[in-house]
Amino acid sequence: MASGLIRDKIAQLVEDGINVLRNEGVVKLETTPDIMIERPSNRDHGDFATNLPLRLSRSTSLKPMELAQRLVDNIPVVEEIAKVEAASPGFVNFSLDDNWVQQQVDLVRESGSFFGNVQFGNGTKIMVEFVSVNPTGPVHVGHARGAVLGSVLANILDAAGFDVSREYYVNDAGSQMEAFYRSVHARYREAIGLDSEFPENGYRGDYISDIASDIVDEHGKGFADIDDSDAIREVGDIGRERMVSVIASDLEKIGVTFQNWFSEHSLYDGDQNQYDKAMQILKDQNYLVEREDALWFASTLLGEDKDNVVVRSNGEPTYFASDIAYHYNKFASRGFDKVVNIWGADHQGHVPRMKAAVKALGLNDDNLTVLISQLVTLKRGDEVVRASKRTGDFVTLNELVEEVGSDACRYFFLARSATSQMEFDLELAKKESSENPVYYVQYAHARNVGILNLARSQNIDWSVGDVALLTDPNELNLVRTILRLPELVEYMSDTLEPHHLPHYAMELAIAFHWFYENCRVISANKEDDQITLARLKLVEASQIVLKRTLELMGMNAPERM
RNA sequence: GUCCCAGUAGCUCAGGGGACAGAGCGGCUGCCUUCUAAGCAGCGGGUCGCGGGUUCGAAUCCUGCCUGGGACGCCA
C-alpha cells in the first residue's frame, strides 16, 4: 500500500487470498508468485483483472476456473471494489465501486496539479543525460526526437518521486571540435577578405560563416594579426560559446531545458581531475593494456568482442576515455543512484563497452540505462530529406519547429516508442495541423476551461456539488479514465517508456468529449441545479488532469482555441 | 561476416503470453436555435513479413529465413 494505488490494494487482496488457499493446502507453492494485476482491454471484464489462477492451476489439483472461484471466495469485501468474479477460462475480474469512483472526483480536485504524482522513485537521485549534440553545429531533427524523449522522461520521473537532474554533455574537446575551430577561423579570415585554407574535414554549413561574421562585428579583425594557432583557439572559443547558446535557445523553443550543461573539457581540469582518477582505477584493476603505441581498455576481459583505445598513440585521449571519466563523475563523484543516457541509434554499438567500463570502475552497471532513440527519416511528401552537418544540407530543429510548431513536434515524436524508427513527413504534419491528435487533446482542455469560465461568470459555486449524482456511464467512464494517470506515471517511470502518455492523453480527451456530448453541464433548467454543480466538479477534475498530462508532455494547455 | 532495431488496416503507428487485434490520418454517410463542429454518431478496411517450435493458449516467447534501417574507426 506504500504507493496508495488502488491497483496495489487489489494485488494485496489477491495475495492474501492466495495465502489462505496455500494454508489450506489447496495451492502448493514455496513462495507467492508475482501478482500481476492488469487492466482488461474489454470493459465488460471490469476495471482490473488477474490471470493468476491460469498460471497457478498447475500447482493444484483444480482446474483454472475452479481455482479462480476459490480465490474469489477468499477475497474480502472492501469499499473500493463492488464486484469480484471468476471469468472463463480462469481470470478474476474486479470492478470498482461506483460510489468510490465518484468520491475520487473530490480527491482529484484537492490534489490539483499534484494529481498523478506517485512515490515510486522514493527520492532516488537520477540523472537524465540527453541531446548532448557536439557544439559543431545546430541541433537537427534526428536529435529532436531524443530531446523530446529525454525531457518528457525527466518530467515523468519527477512526477514519480525521483530526484531528477537533466543534463547536457557538451563535447568541447576532441578532434571534431578542432575541425569546428579551424572552420570558424577560416570563415573569419574570409569575412575580412583574407586568404584562408578551409580545413579538409571542416564544417561547410552557412552557420559557420554567420558565426564568423558575428565575431568580426563584435570583436573586430584583431585575430588576424596574431599567430594562427592562437587565433584558431580564440576565435574557436568564441565560436563554440555562440554555438552552444544557439543550441540552447533552439532547444528552448521546443520546451527542452537543462539543470546542467556539463563540459567534457572540465573532466581534465583541476586537482579533482576526473579523467586521471578514472584511469587510475582502471589501471589498478589491470583493465588498461599498452599495445601498438596506444593505451587500450581491455573490455574483452569483461566479455566484449574487442578492446577499445582510450589513449591514442599521439597521446590524446579518445571520446571513449572522456566518457569513462564522465560516468565515473556521474556515479562516484556526484553520487547519482541511477543514470539514464539517451543516445542516437548510431551509438548503439557503444552501449556494451560503456557498461563494461562502468563495471570495470567498480560500479554497478545496472544503474546505467542507455536508451537508444532510433532514426528519424524526414520526408517532404515523397522526397527523403538527408541530414548531414558536414555538407550543410540538413533540416535543423529550428526549421522544424518553425514549420510544424513545438506542440505538434513533441506529440509526434512522443507517440512512437523510442525503439522504433519513424518517418516524419513535414508536409503531412503541416497539412494535418488542424486535424491533428495534438489539437484534439488541446481542444478538450480548452472546452473544459470554457465551461468553467462560463460557470464563474454566472457566479456558480460548485464546491458544494454532490459527486454522488455522477451516475451517467459517460461521467463514470471519464472519472475512471482520470484515475489511470498515477498508475501510468509509475509504469512509465519504471519502463522508461514515455510514449504511452500521448495515447493516454487521447483516451482522456475522448472520454471528455463523450461526456461533453451526452451530459449538459450548465443547464438553464432550475431542476438541474444539483447535477450542474456535480458536473462542474467533474469538469474541474478533468481540466486538472488534462492540463497535467499536457504539461508532462511539455505541451501547452490552451484556454481557448 | 558479426551485432542492434523494425516489419500489425491505404498511410503513420500503439498493443509485446491470455478473454472478440486497436488509435490517428485518409475514404464514405449523417449531426450545429442550447457550455467551442479543432466536436459527435455510423460504415468500410488486417493470412499481425514467411516457415518451424514451446504452451491449455502466440501478433506477443524461441529458432531459421526474407525485407528495410543502423552499428562494427587510434571520429564523436
Side-chain angles (χ1 to χ4, degrees), chain A residues 36 38 40-42 44-45 49 51 54-55 57-58 63-64 87-91 93 132-134 136 171 173-177 179 201 264 291-296 305-306 308-323 344-352 372 374-375 377 379 411-412 415-425 428-429 431-444 446-455 457-458 499-500 502-503 506-507 509-510 512-514 516-524 532 535-536 539 558 560-561:
Chain A
M36 310 278 280
E38 56 180 14
S41 48
N42 185 340
D44 296 340
H45 298 136
N51 62 358
L54 282 162
R55 293 192 287 130
S57 71
R58 198 172 293 231
K63 289 178 179 160
S88 177
F91 293 95
N93 296 335
S132 301
V133 177
N134 278 2
T136 53
N171 300 123
S175 56
Q176 301 279 347
M177 270 327 276
N201 295 325
E264 175 184 2
R291 197 191 308 150
E292 299 155 27
D293 295 330
L295 192 64
W296 300 68
D305 290 343
K306 54 185 190 128
N308 300 97
V309 172
V310 284
V311 181
R312 301 183 184 97
S313 47
N314 68 6
E316 290 288 317
T318 62
Y319 168 84
F320 182 43
S322 289
D323 237 4
D346 51 343
H347 289 66
Q348 177 82 253
H350 301 157
V351 177
I372 298 299
Q374 285 293 337
L375 223 74
T377 308
K379 295 172 83 175
Y411 193 94
F412 269 61
R416 279 91 175 136
S417 71
T419 53
S420 298
Q421 292 165 49
M422 63 173 283
E423 265 182 28
F424 199 116
D425 187 334
L428 197 67
K431 197 166 65 185
E432 282 181 354
S433 62
S434 59
E435 289 292 326
N436 221 306
V438 179
Y439 297 94
Y440 183 87
V441 176
Q442 292 182 323
Y443 183 56
R447 264 186 161 176
N448 234 308
V449 172
I451 297 171
L452 293 175
N453 283 342
L454 182 67
S457 74
Q458 298 181 7
H499 71 271
H500 302 288
H503 296 279
M506 269 308 268
E507 287 181 46
I510 287 170
F512 179 75
H513 287 308
W514 277 357
Y516 180 91
E517 291 297 323
N518 295 295
C519 302
R520 177 78 198 183
V521 179
I522 298 175
S523 167
T532 288
R535 284 180 176 164
L536 280 169
V539 173
R560 70 166 62 88
M561 292 174 72

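Heavy-atom basis, side chains included; hydrogens, waters and symmetry copies ignored. Here is how names work: the chains are called A, B, and so on, in the same order as the sequence lines, proteins then strands, and each is numbered from 1. These numbers were taken from a predicted model, which means no experiment stands behind them.
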Whole-Å distance between [N] [atom2] and [X] [atom1]?
X         : N       : atom1 : atom2 : result
Phe512(A) : rC35(B) : CZ    : C1'   : 9 Å
Glu316(A) : rC74(B) : CD    : C1'   : 11 Å
Glu292(A) : rC74(B) : CD    : C1'   : 9 Å
Asp305(A) : rA71(B) : CG    : P     : 17 Å
His513(A) : rA23(B) : NE2   : C1'   : 14 Å
Ile372(A) : rC5(B)  : CD1   : P     : 10 Å

>> Go nucleotide by nucleotide along RNA chain B from the 5' end; which of Asn518(A) and Ala444(A) gets its closest nucleotide reached first?
In response: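 First, find each residue's nearest nucleotide; the 5'-ward one identifies Asn518(A).
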>> Which is more 5' along RNA chain B, the nucleotide nearest Arg55(A) or the one nearest Asp346(A)? Just name the residue.
In response: Arg55(A)
> What pattern of brackets, bars and dots sums up RNA chain B from 5' to 3', given Watson-Crick or G-U wobble pairs under 3.5 Å, [ ] for crossing pairs and | for another strand?
Replying inline: (((((((..((((....[...)))).(((((.......))))).....(((((..]....))))))))))))....
Taking only residues two or more places apart in sequence, or in another chain, which ones meet [X] in a side-chain hydrogen bond (donor to acceptor under 3.5 Å, both in side chains)?
X         : answer
Asp346(A) : none
Ser313(A) : none
His45(A)  : none
Arg55(A)  : Asn51(A)

> Using a cut-off of less than 4.0 Å, is there contact between a side-chain N or O of Arg447(A) and OP1 or OP2 of rA37(B)?
Replying inline: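 Yes.
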>> Under 4.0 Å from OP1 or OP2 of rG39(B): is there any side-chain N or O of Tyr439(A) that close?
In response: no
So which nucleotide from [options] ends up closest to the side chain of [X]?
X         : options                   : answer
Leu54(A)  : rC35(B), rG18(B), rG24(B) : rG18(B)
Lys306(A) : rC74(B), rC72(B), rC75(B) : rC72(B)
Gln348(A) : rG39(B), rC35(B), rC5(B)  : rC5(B)
Leu375(A) : rG70(B), rC35(B), rC75(B) : rG70(B)
Gln374(A) : rG24(B), rC5(B), rC40(B)  : rC5(B)

> With a centroid cutoff of 5.5 Å and a plane-angle limit of 30°, would you call Tyr440(A) stacked on rG24(B)?
Replying inline: no
>> I'd like to check, for His347(A), whether its ring lies over the base of rA71(B) with centroids under 5.5 Å apart and a plane angle smaller than 30°.
In response: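 Stack criterion not met.
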What pairs with [X] under salt bridge (charged side-chain N to carboxylate O under 4.0 Å, His left out), at least two apart in sequence or on another chain?
X         : answer
Arg560(A) : none
Lys379(A) : Glu423(A)
Glu507(A) : Arg484(A)

>> For Ser322(A) and Glu264(A), which I'm curious about, is there any donor-acceptor pair between the side chains at under 3.5 Å?
In response: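 A donor-acceptor contact under 3.5 Å links the two side chains.
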>> For the C1' atoms, the ones on rC75(B) and on rG18(B), what distance do you get once it is rounded to whole angstrom?
In response: 49 Å
> Under the 3.5 angstrom rule, does the side chain of Thr318(A) hit a backbone N or O of Val311(A) as a donor-acceptor pair?
Replying inline: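 The answer is no, because no donor-acceptor pair under 3.5 Å joins these two groups.
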> Does NZ or CZ of Arg447(A) fall inside the cone over Phe512(A)'s six-membered ring, less than 6.0 Å from its centre and within 45° of the axis?
Replying inline: no
Under 3.5 Å, which protein N or O atoms sit close to an N or O of nucleotides 58-61 of chain B? Give each pair with its distance.
none

Distances under 3.5 Å only, N/O to N/O: pair up the protein atoms with those of nucleotides 10-17 of chain B.
{"unit_1": "rU12(B)", "atom_1": "O2'", "unit_2": "Arg416(A)", "atom_2": "NH2", "d": "2.1"}
{"unit_1": "rC13(B)", "atom_1": "OP1", "unit_2": "Glu423(A)", "atom_2": "N", "d": "2.5"}
{"unit_1": "rA14(B)", "atom_1": "OP1", "unit_2": "Ser417(A)", "atom_2": "N", "d": "2.5"}
{"unit_1": "rA14(B)", "atom_1": "OP1", "unit_2": "Ser417(A)", "atom_2": "OG", "d": "2.9"}
{"unit_1": "rA14(B)", "atom_1": "OP1", "unit_2": "Ser420(A)", "atom_2": "OG", "d": "3.2"}
{"unit_1": "rA14(B)", "atom_1": "O3'", "unit_2": "His499(A)", "atom_2": "NE2", "d": "3.4"}
{"unit_1": "rG15(B)", "atom_1": "OP1", "unit_2": "His499(A)", "atom_2": "NE2", "d": "2.6"}

>> Applying side chain to side chain contact (heavy atoms under 4.5 Å, CB included), can you list everything that pairs with Ile510(A), at least two apart in sequence or on another chain?
In response: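 For Ile510(A) the side chain to side chain contact (heavy atoms under 4.5 Å, CB included) partners, ignoring immediate neighbours, are Tyr440(A), Trp514(A).
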> For rC32(B), does the O4'-C1'-N9-C4 (purine) or O4'-C1'-N1-C2 (pyrimidine) torsion place it in syn, i.e. within 90° of 0, or in anti?
Replying inline: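 Here rC32(B) takes the syn form, which means its glycosidic angle is within 90° of 0.
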Review item, nucleotides 26-34 of chain B N/O atoms under 3.5 Å of protein N/O:
{"unit_1": "rU34(B)", "atom_1": "O2'", "unit_2": "Arg520(A)", "atom_2": "NH2", "d": "3.2"}

